[in-house]
Amino acid sequence: MTPAESFVRLFESITMVTVCLWITGFILFCVEFFQPMHGVAYALGTALFGAAFITRMIYGSAGEAFMFIFITAVLLFCVHCVSVATQKRDWLKVARIQKAGERKRRYGSLIDSIGIANTPIDLTGNATINEINLVVYSETPIQQGERVKISKITTDKIIVERVSD
């Protein structure tokens with residue numbers, strides 16, 4: 001038997017149920033690679049892959065099922081390589097955007113509020129503003145005990161500046 005005949009034989013006895021289960025499981029795995037959902041898509045994809053492999057074993061031979069599993073593993077490895085190579089990690093961007101939005105909602109009302117530097121602020125430091133202890137950022141050095149004012153809140157920083165008396 002030639003490799004081409006073997007490949008055709010691998011897929012000639014496959015059922016539509018197996019194809020649908022396998023494709024849906026593969027899609028869920030791809031979704032989890034590129035947009036992680038805390039393992040939900042992995043769990044569902046694994047269950048669907050398992051069901052597809054079981055139906056493949058029922059309607060085919062063990063050798064055909066093994067080849068089916070091998071091809072699936074190779075395809076999943078390729079998807080993993082693509083996700084690593086492209087660094088497609090939208091969930092990190094979404095997390096940063098949500099965190100930034102949360103920071104602005106939480107501390108946005110403190111802009112122009114005045115407080116005291118608890119530590120020396122040399123790029124980063126600690127300040128208490130309106131009885132809230134915050135990690136803050138300043139482009140100019142500020143000594144401990146000096147008065148500071150929140151001038152801006154960005155996606156990753158609460159920026160303060162020294163208040164002159």
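Qualifying side chain to side chain donor-acceptor pair (under 3.5 Å) partners for T124, counting only residues two or more places apart in sequence or in other chains: none. Not counting sequence neighbours, the partners of L76 by the side chain to side chain contact (heavy atoms under 4.5 Å, CB included) test are F26, F29, F49, T72. Annotation: side chain to side chain donor-acceptor pair (under 3.5 Å) contacts of D122 (sequence neighbours excluded): none. Qualifying side chain to side chain contact (heavy atoms under 4.5 Å, CB included) partners for I58, counting only residues two or more places apart in sequence or in other chains: I54. The side chain to side chain donor-acceptor pair (under 3.5 Å) check on T24 picks up nothing, with sequence neighbours excluded. Partners of I114 under the side chain to side chain contact (heavy atoms under 4.5 Å, CB included) rule, at least two apart in sequence or in another chain, are R147, K149, V163. Legend: residues meeting side chain to side chain contact (heavy atoms under 4.5 Å, CB included) with E146, ordered by chain and number and at least two apart, are I142, Q143, R162.
With values rounded to the nearest 0.5 angstrom, Q144 atom CD is found 9.5 Å from N126 atom CG. In this structure, CG on L48 lies 12.0 Å from OG1 on T18, to the nearest 0.5 angstrom. Separating the CD1 atom in I121 from the OG1 atom in T119 is a distance of 5.5 Å, to the nearest 0.5 Å. For the atom pair OG1 (T15) and CG (L21), the distance works out to 8.0 Å, reported to the nearest 0.5 Å. Here CD1 of I150 is found 8.0 Å from CD1 of I132. Values are rounded to the nearest 0.5 Å.
Criterion: ILVMFWY side-chain heavy atoms under 4.5 Å apart, direct or through other members. Under it, I27 and V82 are part of a common hydrophobic cluster. I116 and I158 are not part of a single hydrophobic cluster, where members link through side-chain heavy atoms under 4.5 Å apart. If you chain together hydrophobic residues whose side chains sit under 4.5 Å apart, V135 and L110 never meet in one group. Connection of I69 to I71 is established within a shared hydrophobic cluster, with ILVMFWY side chains joined at heavy-atom distances below 4.5 Å, either directly or through further cluster members.
When all heavy atoms of A127 and V136 are compared, the closest pair comes out as CB-CG2, 4.0 Å. Nearest heavy-atom pair, I129 versus S113, reported as atom, atom and distance to 0.1 Å: CG2-CB, 3.6 Å. Across all non-hydrogen atoms, the minimal contact from G39 to E32 is N-OE2, 3.2 Å.
Looking at E161, its side chain never comes within 3.5 Å of a backbone N or O of S138 through a donor-acceptor pair. In terms of modelled atom types and a separation under 3.5 Å, the side chain of T128 and the main chain of E131 share no donor-acceptor contact.
In this structure, N133 and N118 have side chains that are in contact, with non-hydrogen atoms separated by less than 4.5 Å. Between V160 and L134 the shortest side-chain heavy-atom distance does not fall below 4.5 Å.
With side-chain heavy atoms closer than 4.5 Å counting as contact, directly or through intermediates, the hydrophobic cluster containing Y137 also holds L123, I159.
Aromatic ring pairs are classed by plane angle as parallel below 30°, tilted from 30° to 60° and perpendicular above 60°; the pair W22 and F68 is tilted.
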